[in-house]
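Counting convention: from 1, in listed order, for ligands and their atoms alike. All of these numbers come straight from a predicted model, not from anything done at the bench.
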Amino acid sequence: MKQIVIEGGKILQGEIKISGAKNSAVALIPASLLSDEIVKIDNIPNISDIDALNEILEYLGATVKREGTLMTIDSKNIVNKEIPENISKKLRASYYFMSALLGKYKKVEMYFPGGCSIGARPIDQTLKTFKALGATVKEDGNKYTITADRLVGTTIQLDMPSVGATINTLLVAVKAEGTTILKNAAKEPEIVNVATFLNNMGANIKGAGTSKIVIEGVSKLGRCFTEVIPDRIEAGTYLIAGALIGQNLTIKNVIPEHIESLTLKLKEMGYKMDIGYDSITISMQDKIKPINVKTLGYPGFPTDLQQPLTTLLTQADGKSSLEETIYENRFQNVEYLNKMGANIEIKDRIIDIKGPIDLIGTTVKATDLRAGACLVLAGLKAEGTTVITDIEHVLRGYEDIIQKLLNVGAKIKIEEI
Ligand code: EPU
């Protein structure tokens, strides 16, 4: 077991370079299976979720080579066999193998995926699209056997704009016969990254990034190269760190439009930022205004930044409120922020945060990935020492978090316990 120990109160100054987006990379890697030739993906982050996906690829017989951030995947010797539960449950994104294998071989056997425990995370929308395209889904407890004689394009309307179901639809429909029209699709930048990757392989996908995506099926996908987009959630997390305790902290290798929902909220709080082509510079401020925030699908305020933002709202002058509309159990960080001195009240799907308060270091637990990020931010700001346990969650999603923060002046380390 590992824990993070932070001596708070150190000013963050300098530059943090953002890595490739976790939620893109975890879809691009399973998508690579659809190609009959070698694919190369650059800007792959070095996080444990990627290791878990490689384990699945290698278990299926693919050859994976990693040189720095470049990953080369050769899937020509893949054997389409059942993916065991102990590896599929390591992460949510394992279910992208469900659609990639179904799309390529018209058969897949695997188990319900894992992922952070932040509320119910059903896969009904994904299964609905599989069925609409002609597949038969057999459920036996946690195990799914999905087969199709033919996959045939059709029009599908998602009940909610699910990121996972949108990507899964792309991965199945890309080789289906005829045209698939996906309505009420999610619009996240990660979806555009996946569609571009597939188009580079020879697919014919139009409209990714809007709520209507049209996929003309093709019979063969070939060799290609792509790059993972910068991680907008990692960028947002460090931008919030700069707002909390930065002095000209620059977040580099970011696509500012991807986190405009955050920068506009920071402006509303009174922050001034220097926003460049691929960088944002921010400094802490004495008095900041409280705000109201509601999480929504892209381009709305991302649920994945809701917990990190909560730490900053403890410093605002007055009452802020934050409504979580995507997940019903994404406030597990509140108990620990309150243990550090915050004044936050949970009212069903809304939290009220009264500030400003002085955060005091103590021992807290990272219950999930973004709760962990929220507590790292709190530890950077707090007086004294903060110990964060269960940090495996944090390491799943933030590449080199310790080194990146050390480089800008934080006093932070990982301890084995
Ligand atoms: N939903 C359903 N049925 C479905 C699919 C989704 O009811 O079949 C509901 C979910 O329960 C949830 C909402 O729809 O309430 C949104 O779920 P979505 O499918 O969009 O999320 P996801 O694909 O499971 C991805 C990210 C999450 C991120 C969400 C929302 C990956 C691997 N995960 O999850 O990232 O919160 O989109 O943007 O891409 C994280 O990085 O910390 C994280 C949890």
Side-chain angles (χ1 to χ4, degrees), residues 19-31 45 47-50 52-53 88-99 112-132 137 144 156-171 182 184-194 211 228-229 231-237 258-259 261-262 295-309 323-330 332-333 349 366-374 392-399:
S19 303
K22 165 179 95 73
N23 289 345
S24 264
V26 296
L28 295 172
I29 292 170
I47 49 175
S48 58
D49 266 9
I50 300 296
L53 290 174
S88 65
K89 77 171 181 210
K90 283 192 183 167
L91 75 170
R92 177 75 175 170
S94 63
Y95 81 155
Y96 293 138
F97 280 102
M98 238 184 214
S99 48
F112 196 82
C116 281
S117 158
I118 48 183
R121 299 182 77 181
I123 61 169
D124 56 295
Q125 298 301 301
T126 287
L127 298 179
K128 169 174 132 167
T129 67
F130 290 171
K131 290 176 192 162
V137 178
Y144 293 83
I156 303 161
Q157 163 95 14
L158 293 180
D159 296 339
M160 77 285 291
S162 153
V163 173
T166 300
I167 293 178
N168 278 322
T169 306
L170 294 183
L171 301 188
L182 184 67
N184 198 23
K187 297 181 279 204
E188 271 66 3
E190 292 75 19
I191 292 161
V192 181
N193 204 180
V194 174
S211 58
V228 183
I229 56 170
D231 194 314
R232 64 195 165 98
I233 306 302
E234 189 199 15
T237 304
H258 286 177
I259 50 168
S261 58
L262 172 65
T295 64
L296 286 171
Y298 191 83
F301 191 89
T303 169
D304 296 342
L305 283 176
Q306 174 266 103
Q307 291 160 306
L309 183 70
E323 182 175 355
E324 170 60 58
T325 71
I326 312 289
Y327 297 110
E328 68 270 20
N329 194 17
R330 220 175 194 183
Q332 293 173 79
N333 53 323
R349 300 284 284 259
T367 51
D368 55 80
L369 168 58
R370 307 301 171 188
C374 151
E392 294 70 25
H393 291 296
V394 180
L395 303 180
R396 279 186 39 216
Y398 287 88
E399 178 177 63

Item to check | E188 side chain to I191 backbone, donor-acceptor under 3.5 Å | outcome: no

Next on the checklist: Looking at S24, is its backbone amide N or carbonyl O close enough to the side chain of N193 to form a donor-acceptor pair, meaning the two atoms are under 3.5 Å apart?
Outcome noted: no

Item to check | Polar atom proximity, A93 to ligand 1 (N or O, under 3.5 Å) | outcome: no

Item to check | Sub-4.5 Å side-chain heavy-atom contact between Q125 and D159 | outcome: yes

Checklist entry - Is the backbone of S19 close enough, under 3.5 Å, to the side chain of E234 for a donor and an acceptor to pair up by distance? => result yes

Item to check | Min heavy-atom dist A186 to ligand 1 below 4.0 Å | outcome: no

Checklist entry - Backbone N or O of L158 within a donor-acceptor pair of the N184 side chain at under 3.5 Å? => result yes

Item to check | Test side chain to side chain contact (heavy atoms under 4.5 Å, CB included) applied to L369 - qualifying residues, sequence neighbours left out | outcome: K22, C116, Y398

Checklist entry - Any idea which protein heavy atom is nearest atom 14 (O) of ligand 1, and the distance to it? => result M160 CG, 3.7 Å

Next on the checklist: Keeping Q306 on the side-chain end and R330 on the backbone end, is there a donor-acceptor pair under 3.5 Å?
Outcome noted: yes

Checklist outcome for this item: shortest atom 4 (C) of ligand 1-to-protein heavy-atom contact is with P122 O, 3.1 Å

Checklist entry - Should Y144 and I123 count as side-chain neighbours, where that means a heavy-atom distance under 4.5 Å? => result yes

Checklist entry - With a cut-off of 4.0 Å, which atoms of ligand 1 are near a heavy atom of D304? => result 27 (C), 28 (C), 35 (O), 36 (O), 40 (C), 41 (O), 42 (O), 43 (C), 44 (C)

Item to check | Counterpart residues, side chain to side chain contact (heavy atoms under 4.5 Å, CB included), relative to A366 (two or more places apart) | outcome: I388, V394

Item to check | Protein residue, atom and distance nearest to atom 41 (O) of ligand 1, heavy-atom basis | outcome: R370 NH2, 2.8 Å

Checklist outcome for this item: If you scan protein heavy atoms around atom 15 (O) of ligand 1, the nearest is I326 O, 2.4 Å

Checklist entry - Which protein heavy atom lies closest to atom 20 (O) of ligand 1, and at what distance to 0.1 Å? => result V163 N, 2.7 Å

Checklist entry - Quick one: nearest non-hydrogen protein atom to atom 26 (C) of ligand 1, plus distance? => result N23 ND2, 3.5 Å

Checklist entry - For T325, does its backbone N or O pair with a side-chain atom of R349 as donor and acceptor, under 3.5 Å? => result yes

Next on the checklist: Can a donor-acceptor pair be found, under 3.5 Å and without considering hydrogens, that links the side chain of T295 to the backbone of T303?
Outcome noted: no

Checklist outcome for this item: Quick note on ligand 1: atoms under 4.0 Å from a heavy atom of R330 include exactly 36 (O), 40 (C), 42 (O), 43 (C), 44 (C)

Next on the checklist: Between N23 and V163, is there a side-chain heavy-atom distance shorter than 4.5 Å?
Outcome noted: no

Checklist entry - Would one find an N or O of R92, backbone or side chain, under 3.5 Å from an N or O of ligand 1? => result yes

Next on the checklist: Please list the nearest protein heavy atom to atom 11 (O) of ligand 1 with its residue and the distance rounded to 0.1 Å.
Outcome noted: A120 O, 3.1 Å

Item to check | Close approach, K22 and ligand 1, non-hydrogen under 4.0 angstrom | outcome: yes

Checklist outcome for this item: Y327 heavy atoms within 4.0 Å reach ligand 1 at atoms 12 (C), 21 (O), 27 (C), 28 (C), 29 (C), 30 (C), 34 (O), 36 (O)

Next on the checklist: Regarding ligand 1, does A165 bring an N or O atom to under 3.5 Å of one of the ligand's N or O atoms?
Outcome noted: no

Item to check | Element-labelled atoms of ligand 1 that are located less than 4.0 Å from some non-hydrogen atom of I123 | outcome: 8 (O)

Next on the checklist: I'd like to check N333 versus T367 (side-chain heavy atoms, cut-off strictly below 4.5 Å). Are they in contact?
Outcome noted: no

Checklist entry - If we only count heavy atoms from C-beta on, is the V194 to Y96 side-chain gap below 4.5 Å? => result no

Checklist entry - Atoms of ligand 1 less than 4.0 Å from G164 heavy atoms? => result 19 (O), 23 (O)

Checklist entry - Can you tell me which residue and heavy atom of the protein come closest to atom 3 (N) of ligand 1, and the distance to 0.1 Å? => result D124 OD1, 2.8 Å

Checklist entry - Can you list the ligand 1 atoms lying under 4.0 Å from a non-hydrogen atom of Q125? => result 3 (N), 4 (C), 8 (O)

Checklist entry - Quick one: which ligand 1 atoms are inside 4.0 Å of a heavy atom on L369? => result 42 (O)

Next on the checklist: So for ligand 1, is V26 a polar contact partner (N or O within less than 3.5 Å, distance only)?
Outcome noted: no

Next on the checklist: Using heavy atoms and a 4.0 Å limit, tell me yes or no: is R396 in contact with ligand 1?
Outcome noted: no

Next on the checklist: I want to confirm something. Looking only at heavy atoms, which of A25, S162, G397 is nearest to atom 6 (C) of ligand 1?
Outcome noted: S162

